[in-house]
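On a predicted model such as this, the values are computed, not experimentally measured, just so you know.
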2 protein chains.
Amino acid sequence: MTPEIPAPVRSRKAQIDHTATALFRARGFAATSMRELATKLGLEAGSLYSHIKSKEEILHRVCFGLAEAFFSAFAEATANAQAPLATQLRQAIEAHVRVLTQDSAASAVFLHEWRHLSEPARTEFLALRDRYEAGFRTLITRGTATGELHTPDAAFAALTLLASLNWLPSWYRPDGKLAPEDIAHRLAEQLLNGIRNSQ
Amino acid sequence: MTPEIPAPVRSRKAQIDHTATALFRARGFAATSMRELATKLGLEAGSLYSHIKSKEEILHRVCFGLAEAFFSAFAEATANAQAPLATQLRQAIEAHVRVLTQDSAASAVFLHEWRHLSEPARTEFLALRDRYEAGFRTLITRGTATGELHTPDAAFAALTLLASLNWLPSWYRPDGKLAPEDIAHRLAEQLLNGIRNSQ
DNA sequence: CCTACCGATCGGTAGG
DNA sequence: CCTACCGATCGGTAGG
């Protein structure tokens with residue numbers, strides 16, 4: 001018999017994270033009360049603390065969990081270093097969109113609520129985010145060097161590219177007419193157009 | 001002698017709005033306390049209420065004030081209905097960026113804190129925002145009809161275009177190396193590239 | 001514009 | 001996981 005990690009505990013914690021994420025997104029971290037969260041889960045407020053240590057712990061887990069998801073999606077998308085840089089960039093865009101649409105509530109929290117992290121988590125988080133943006137910046141810079149891409153300012157292009165993508169959680173609806181893969185494809189197409197070398 | 005609107009009153013209220021806007025942006029509306037705001041202004045918390053009626057009143061004024069600024073900038077940019085649609089769109093983009101950079105704190109509050117408005121203000125605000133987005137959508141739709149622009153989905157293009165622009169307040173620094181007009185110009189250039197008909 | 005204060009609500013804990 | 005509760009802090013008010 002293999003020992004099992006007690007399933008109910010894990011699942012309760014996951015439930016808390018999931019419900020809290022939806023509330024953090026809808027009302028913001030500061031405006032979400034632990035009592036409201038408890039009520040949504042059918043618990044009393046005090047009972048939450050048998051599963052978690054603090055309100056911020058939930059936020060921490062959501063923000064850093066998403067960071068990890070973005071990094072691993074990016075790594076996979078650019079795994080083939082021999083591929084044309086336009087292809088790598090397209091795949092990175094599509095991978096980013098896939099993470100965003102897979103859990104748009106968590107993504108919205110990742111994008112907007114991180115500032116409620118206290119130090120040193122906040123600084124660590126910003127460093128991760130900068131590193132992720134640098135990945136896109138590097139692809140664009142290298143694509144410009146090889147002549148595949150064309151832009152007067154790679155950093156600027158990377159910033160606006162991620163901006164377009166990161167607005168997605170604020171309008172994406174899982175039951176909308178566009179499937180995640182369609183959205184990913186169109187965004188990649190349109191954004192690459194803006195910086196592709198047409199000569 | 002012409003009667004004067006008592007200047008100190010107006011200016012105190014404007015000071016409160018201005019300082020509150022900076023705090024709302026930095027910490028979020030819910031996490032900003034009236035005591036913190038009062039301290040920054042050299043007042044006691046209770047004294048704020050000789051100038052304002054409630055915390056939300058400030059948020060209301062900021063959100064709806066910015067909405068007005070965006071609308072009038074857009075109207076001016078598209079005043080010449082005979083101009084090519086690509087030109088009108090470029091001017092609308094530049095006008096939008098100008099509003100964003102002129103008061104990036106207020107813009108950030110406009111973009112992210114409106115959800116703390118209570119009803120019916122919240123619904124009114126969203127209606128205004130939708131109407132503004134529709135302005136861009138219409139320009140793109142008409143530009144596509146005349147053949148000046150090219151995109152498979154005007155609504156989608158409008159959404160991503162505004163997304164790129166609206167990320168600006170989160171990275172724009174008034175003392176950065178790019179002047180507002182440079183930013184406006186580059187953004188317009190890059191974003192129009194993505195949807196311009198190159199045939 | 002201040003002092004003094006209100007009721008409500010917050011995140012979190014002790015003990016079971 | 002609940003009951004009962006803690007100290008702290010919240011937005012806002014009365015009276016001057």
Side-chain angles (χ1 to χ4, degrees), chain A residues 5-63 109 113-122, chain B residues 5-63 109 113-122:
Chain A
I5 296 150
V9 173
R10 282 250 298 255
S11 124
R12 228 352 169 189
K13 196 168 179 175
Q15 270 180 53
I16 292 173
D17 282 0
H18 184 258
T19 307
T21 299
L23 284 171
F24 290 170
R25 179 212 204 155
R27 312 203 196 301
F29 176 78
T32 300
S33 80
M34 297 306 272
R35 279 155 182 85
E36 193 180 4
L37 172 58
T39 301
K40 280 233 174 190
L41 289 160
L43 300 176
E44 292 305 315
S47 307
L48 290 169
Y49 293 88
S50 348
H51 303 285
I52 59 162
K53 274 188 302 194
S54 69
K55 185 184 180 185
E56 189 178 332
E57 188 202 289
I58 306 174
L59 180 63
H60 189 283
R61 211 163 24 241
V62 174
C63 289
V109 171
E113 304 300 326
W114 55 266
R115 61 182 165 173
H116 293 107
L117 291 168
S118 53
E119 296 296 351
R122 189 185 148 119
Chain B
I5 295 149
V9 173
R10 282 249 299 254
S11 125
R12 224 358 167 185
K13 196 168 178 175
Q15 270 179 54
I16 291 174
D17 282 1
H18 184 257
T19 307
T21 299
L23 284 170
F24 290 170
R25 179 213 204 153
R27 313 203 195 300
F29 176 78
T32 300
S33 80
M34 297 306 272
R35 278 156 182 85
E36 193 181 5
L37 172 58
T39 301
K40 280 233 173 190
L41 289 160
L43 300 176
E44 293 304 315
S47 307
L48 290 168
Y49 293 87
S50 349
H51 304 285
I52 59 162
K53 274 188 301 192
S54 69
K55 185 184 179 185
E56 188 178 334
E57 189 201 288
I58 305 174
L59 180 63
H60 189 282
R61 216 168 15 247
V62 175
C63 288
V109 171
E113 305 298 326
W114 56 266
R115 61 181 166 175
H116 293 107
L117 291 168
S118 52
E119 296 297 350
R122 188 184 148 120

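- If you take CG of A/L41 and C1' of D/dC1, they are 13 Å apart, rounded to a whole angstrom.
- When each of B/E57, B/R61, B/H51 is paired with B/D17, the side chain to side chain contact (heavy atoms under 4.5 Å, CB included) condition holds for B/R61 and for no other.
- Atom pair B/I16:CD1 and D/dG12:P shows a separation of 13 Å (rounding to whole Å applied).
- Pairing for D/dG15 goes to C/dC2, judged as Watson-Crick or G-U wobble with the two contacts each under 3.5 Å.
- Remark: P of C/dC2 and CZ of B/R12 are 8 Å apart, rounded to the nearest angstrom.
- Using a distance-only test at 3.5 Å, with no hydrogens or angles considered, a donor-acceptor pair links the side chain of B/K55 to the main chain of B/T32.
- A/E56 places its CD atom 18 Å from the P atom of C/dC10, with the value rounded to the nearest Å.
- A straight line from CG of B/L37 to P of D/dC10 spans 12 Å, rounded to a whole angstrom.
- Side chain of B/T19 to backbone of B/I16: no donor-acceptor contact under 3.5 angstrom is found.
- Residue order along DNA chain D, read from the 5' end via each residue's closest nucleotide, puts A/L43 first among A/L43 and A/R35.
- The shortest distance between the side-chain N/O atoms of B/Y49 and the OP1/OP2 oxygens of D/dT13 is not below 4.0 Å.
- Side chain of A/S50, nearest nucleotide from D/dC1, C/dC5, D/dT13: D/dC1.
- Residues B/R27 and B/E36 are paired through a salt bridge, judged by an N-O separation under 4.0 Å between the basic side chain and the carboxylate.
- Residue-level contact check: B/S33 touches the backbone only, with heavy atoms under 4.0 Å from sugar-phosphate atoms and none from bases.
- Nearest to the side-chain atoms of A/E44 among the listed nucleotides D/dG11, C/dG11, D/dC2 stands D/dC2.
- Between A/K55 atom NZ and C/dG11 atom C1' the separation is 8 Å, expressed in whole Å.
- No side-chain donor-acceptor contact under 3.5 Å links B/E44 to the backbone of B/A38.
- The distance between atom CG of A/L48 and atom C1' of C/dG12, rounded to the nearest whole Å, is 11 Å.
- For the pair B/I52 CD1 and D/dG12 C1', the interatomic distance rounds to 10 Å; values are reported in whole Å.
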